[in-house]
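Each remark here refers to the structure printed beneath this line.
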Amino acid sequence: QVQLVESGGGLVQAGGSLRLSCAASGRTFGVYAMGWFRQAPGKEREFVAAITWSGGSTFYADSVKGRFTISRDSAKNTVYLQMNSLKPEDTAVYYCATLFFGRMTFTQSQWTYWGQGTQVTVSS
């Protein structure tokens with residue numbers, strides 16, 4: 001079992017920034033990647049960003065490229081999502097998740113463990 005705890009969400013004005021954190025604990029050996037997904041009201045959950053745990057390769061949804069940056073601290077088993085130039089359409093619950101599969105995939109069913117989510121609200 002892997003436990004994921006997100007933090008850092010909140011209310012921010014458009015153009016502002018937030019930094020999300022996700023701390024992993026438990027049986028983290030073998031994690032291939034960690035990532036962030038989000039679900040806006042009335043919409044399906046979607047991929048936002050991911051980072052491979054060993055090599056640090058990063059992947060982003062087109063909607064956040066150039067504005068969001070994912071990073072990791074292996075010593076702390078923590079992944080971060082720095083969100084800049086936030087837009088009202090970024091409003092969503094943001095979830096952290098782990099991938100044990102041997103290669104990157106954005107298919108959510110392949111991501112094994114999920115956090116409880118943290119709310120990000122961007123006002124116009």
Side-chain angles (χ1 to χ4, degrees):
Q1 286 277 355
V2 174
Q3 293 78 43
L4 302 172
V5 179
E6 302 107 330
S7 61
L11 173 64
V12 64
Q13 288 188 333
S17 299
L18 282 175
R19 187 194 195 204
L20 305 183
S21 299
C22 174
S25 61
R27 297 176 64 87
T28 58
F29 180 79
V31 169
Y32 175 75
M34 291 185 69
W36 292 94
F37 294 77
R38 68 186 182 186
Q39 187 167 21
K43 295 186 177 181
E44 294 190 352
R45 189 165 57 187
E46 64 178 2
F47 168 77
V48 175
I51 185 166
T52 59
W53 206 245
S54 59
S57 298
T58 57
F59 304 82
Y60 296 95
D62 288 342
S63 59
V64 306
K65 278 181 183 176
R67 300 188 299 122
F68 290 11
T69 302
I70 190 169
S71 61
R72 81 215 190 287
D73 184 333
S74 300
K76 296 181 179 180
N77 278 347
T78 299
V79 65
Y80 305 96
L81 186 67
Q82 178 66 44
M83 306 185 294
N84 299 328
S85 302
L86 282 162
K87 304 175 181 179
E89 50 264 43
D90 294 318
T91 295
V93 177
Y94 283 71
Y95 297 91
C96 174
T98 57
L99 178 65
F100 283 84
F101 209 67
R103 57 180 175 83
M104 181 55 62
T105 175
F106 306 136
T107 302
Q108 296 182 39
S109 61
Q110 300 290 340
W111 291 71
T112 311
Y113 295 102
W114 294 79
Q116 81 287 353
T118 185
Q119 176 71 47
V120 171
T121 302
V122 184
S123 63
S124 58

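Bear in mind that the values here come from a model prediction, so they are computed numbers and not experimental data.
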Quiz item: Between Tyr95 and Leu18, is there a shared hydrophobic cluster once you connect ILVMFWY residues whose side-chain heavy atoms come closer than 4.5 Å?
Solution: no
Self-check item: Derivation and outcome, side-chain contact (heavy atoms from CB on, under 4.5 Å), residues Met83 and Val12
Solution: CA-CA 11 Å; Met83 306 185 294; Val12 64; over 6 Å; no
Self-check item: Rounded distance (nearest 0.5 Å) linking atom CD1 of Ile70 with atom CD of Gln82
Solution: 12.0 Å
Exercise. Would you please test Arg72 and Ser74 for side-chain contact (heavy atoms from CB on, under 4.5 Å) and show each step?
Key: CA-CA 6 Å; Arg72 81 215 190 287; Ser74 300; 3.9 Å; yes
Quiz item: Is the shortest heavy-atom distance from the side chain of Thr91 to the side chain of Gln119 under 4.5 Å?
Solution: yes
Quiz prompt | Aromatic ring pairing Phe37/Trp114, orientation class (parallel under 30°, perpendicular over 60°, tilted between) | solution = tilted
Quiz prompt | Side-chain donor or acceptor of Thr52 paired with backbone N/O of Ser57 under 3.5 Å | solution = yes
Quiz prompt | Val93 reachable from Leu20 in the ILVMFWY side-chain graph, under 4.5 Å edges | solution = no
Practice problem: Please collect all salt bridge (charged side-chain N to carboxylate O under 4.0 Å, His left out) contacts where either partner lies in residues 27-40, sequence neighbours excluded, each pair once. | Solution: Arg38-Glu46, Arg38-Asp90
Practice problem: For Glu6 and Gly117, work out which heavy atoms get closest and say how close. | Solution: OE1-N, 2.9 Å
Quiz item: Taking all atoms of both residues into account, what is the closest heavy-atom pair of Ala14 and Pro88, and its distance?
Solution: CB-CD, 4.1 Å
Quiz item: If you look at every heavy atom in Ser85 and Arg67, which pair is closest and at what distance?
Solution: O-NH1, 3.0 Å
Self-check item: Straight-line distance of Ser71 OG to Met34 CE, nearest 0.5 Å
Solution: 11.0 Å
Exercise. Indicate the atoms forming the closest heavy-atom contact of Met104 with Trp111, along with that distance.
Key: SD-CZ2, 4.0 Å
Quiz prompt | Hydrophobic cluster identity match, Leu4 and Ile51, side-chain contacts under 4.5 Å | solution = yes
Quiz item: Relative to each other, are the rings of Phe68 and Tyr94 parallel, tilted or perpendicular (30° and 60° limits)?
Solution: tilted
Quiz item: Can you tell if the side chain of Gln108 reaches within under 4.5 Å of the side chain of Arg45, non-hydrogen atoms only?
Solution: yes
Exercise. Using the side-chain contact (heavy atoms from CB on, under 4.5 Å) rule, take Leu99 and Phe106 through it: C-alpha gap first, then chi angles, then the decisive distance, then the call.
Key: CA-CA 10 Å; Leu99 178 65; Phe106 306 136; over 6 Å; no
Quiz item: Is the backbone N or O of Thr105 less than 3.5 Å from a side-chain atom of Gln110, with the two atoms forming a donor-acceptor pair by type?
Solution: no
Quiz item: Linking I/L/V/M/F/W/Y whenever their side-chain heavy atoms sit closer than 4.5 Å, directly or via other members, would Tyr113 and Val48 fall into one cluster?
Solution: yes
Exercise. Give a yes or no on whether Val31 and Phe47 share a hydrophobic cluster (residues Ile, Leu, Val, Met, Phe, Trp, Tyr; joining criterion: side-chain heavy atoms under 4.5 Å apart).
Key: no
Practice problem: Verify side-chain contact (heavy atoms from CB on, under 4.5 Å) between Val2 and Thr112, making sure each step is shown before the conclusion. | Solution: CA-CA 9 Å; Val2 174; Thr112 311; over 6 Å; no
Quiz item: Could you give all pairs that pass the side chain to side chain donor-acceptor pair (under 3.5 Å) test and reach residues 8-24, with sequence neighbours left out?
Solution: Ser17-Asn84
Quiz item: Of the non-hydrogen atoms in Thr78 and Lys76, which two are nearest, and what is the gap between them?
Solution: OG1-O, 2.9 Å
Exercise. List, by chain and then residue number, the residues other than Phe29 in its hydrophobic cluster (Ile/Leu/Val/Met/Phe/Trp/Tyr, side-chain heavy atoms under 4.5 Å); write none if there are no others.
Key: none
Quiz prompt | Within the 6.0 Å centroid threshold, strictly below: Tyr32 and Phe100 | solution = no
